[in-house]
**Student:** 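Before I ask anything, here is the structure I am working with.
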Amino acid sequence: GGDGGEGSFRRTLGRDYLRVSRTGLKEVFYGEDGSRKFDVIRENVSAAVTTPNVFSPPGVLELRPDDTVLTTSDSGRKIAAKIIVDATGAESRFTVRDGREKE
């Protein structure tokens, strides 16, 4: 997608997709006074996706109805989260590619 401005383009995808609202995320992450409503955890998680919603090694990442539980590889701490931001770079180990990204 795009706004039609210079350097942008539009195309129709042959599948559903999700578009994230930056404004909506800011409302989730920050209070009205600008205070932060999240924790930054700087620990590694050794999980990697093998197929959609299946991660290896077993037990390191658990998908539950209301949250996701990660086990850190550094301390073994279990962390329950509703939103996880993987800031490790462009190629996330939490994403599986199925070839549709070339559409």
Side-chain angles (χ1 to χ4, degrees):
D3 62 6
E6 185 176 331
S8 69
F9 63 93
R10 292 186 180 271
R11 67 178 169 173
T12 302
L13 298 177
R15 59 186 157 83
D16 293 333
Y17 67 95
L18 174 71
R19 187 170 186 174
V20 176
S21 164
R22 285 182 37 196
T23 304
L25 275 178
K26 286 181 180 181
E27 290 173 3
V28 169
F29 288 148
Y30 294 95
E32 288 184 22
D33 62 355
S35 62
R36 192 172 76 184
K37 299 188 324 186
F38 61 91
D39 295 319
V40 176
I41 299 168
R42 290 183 173 95
E43 290 191 62
N44 292 319
V45 176
S46 61
V49 67
T50 56
T51 60
N53 297 327
V54 177
F55 295 86
S56 179
V60 172
L61 191 142
E62 178 187 354
L63 303 172
R64 301 189 310 196
D66 295 325
D67 59 15
T68 298
V69 177
L70 301 166
T71 303
T72 65
S73 53
D74 299 337
S75 67
R77 180 168 65 151
K78 291 192 177 289
I79 301 165
K82 291 187 183 255
I83 298 174
I84 299 169
V85 177
D86 179 357
T88 57
E91 286 298 321
S92 171
R93 295 183 322 186
F94 292 130
T95 304
V96 64
R97 306 284 184 212
D98 63 4
R100 293 186 296 182
E101 67 276 2
K102 297 176 184 157
E103 290 180 359

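Side chains included, hydrogens not; waters and symmetry mates left out as well; all remaining heavy atoms used.
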**Student:** Is it true that atom NZ of Lys26 has more than 12 heavy atoms of other residues, nucleotides or ligands lying nearer than 6.0 Å?
**Tutor:**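 Count not over threshold, so no.
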**Student:** A quick test of your reading: do over 12 heavy atoms of other residues, nucleotides or ligands sit less than 6.0 Å from CZ of Arg36?
**Tutor:** yes
**Student:** Please report, to 0.1 Å, the donor-acceptor pairs under 3.5 Å made by any side chain of residues 70-79, with sequence neighbours excluded.
**Tutor:**
from	atom 1	to	atom 2	distance (Å)
Thr71	OG1	Lys78	NZ	3.0
Thr72	OG1	Glu43	OE1	3.0
Thr72	OG1	Ser75	OG	3.1
Thr72	OG1	Gly76	N	3.3
Thr72	OG1	Arg77	N	3.2
Ser73	OG	Asn44	O	3.1
Asp74	OD2	Asn44	N	3.0
Ser75	OG	Glu43	OE1	2.8
Ser75	OG	Arg77	N	3.3
Arg77	NE	Glu43	OE2	3.3
Arg77	NH2	Glu43	OE2	2.9

**Student:** Quick one: closest heavy-atom pair of Ser21 and Gly24, and the distance?
**Tutor:** OG-N, 2.9 Å
**Student:** Check whether any side-chain N or O of Asp39 sits under 3.5 Å from a backbone N or O of Ile41 as a donor-acceptor pair, and report yes or no.
**Tutor:** no
**Student:** Show me the side-chain donor-acceptor pairs of residues 55-65 shorter than 3.5 Å, one per line, residues at least two apart or across chains.
**Tutor:**
from	atom 1	to	atom 2	distance (Å)
Arg64	NE	Asp67	OD1	2.7
Arg64	NH2	Asp67	OD1	3.0
Arg64	NH2	Asp67	OD2	2.8

**Student:** What ring-ring contact (aromatic ring centres under 6.0 Å, His included) pairs are there with at least one residue in residues 32-51, not counting sequence neighbours?
**Tutor:** Phe29-Phe38, Tyr30-Phe38
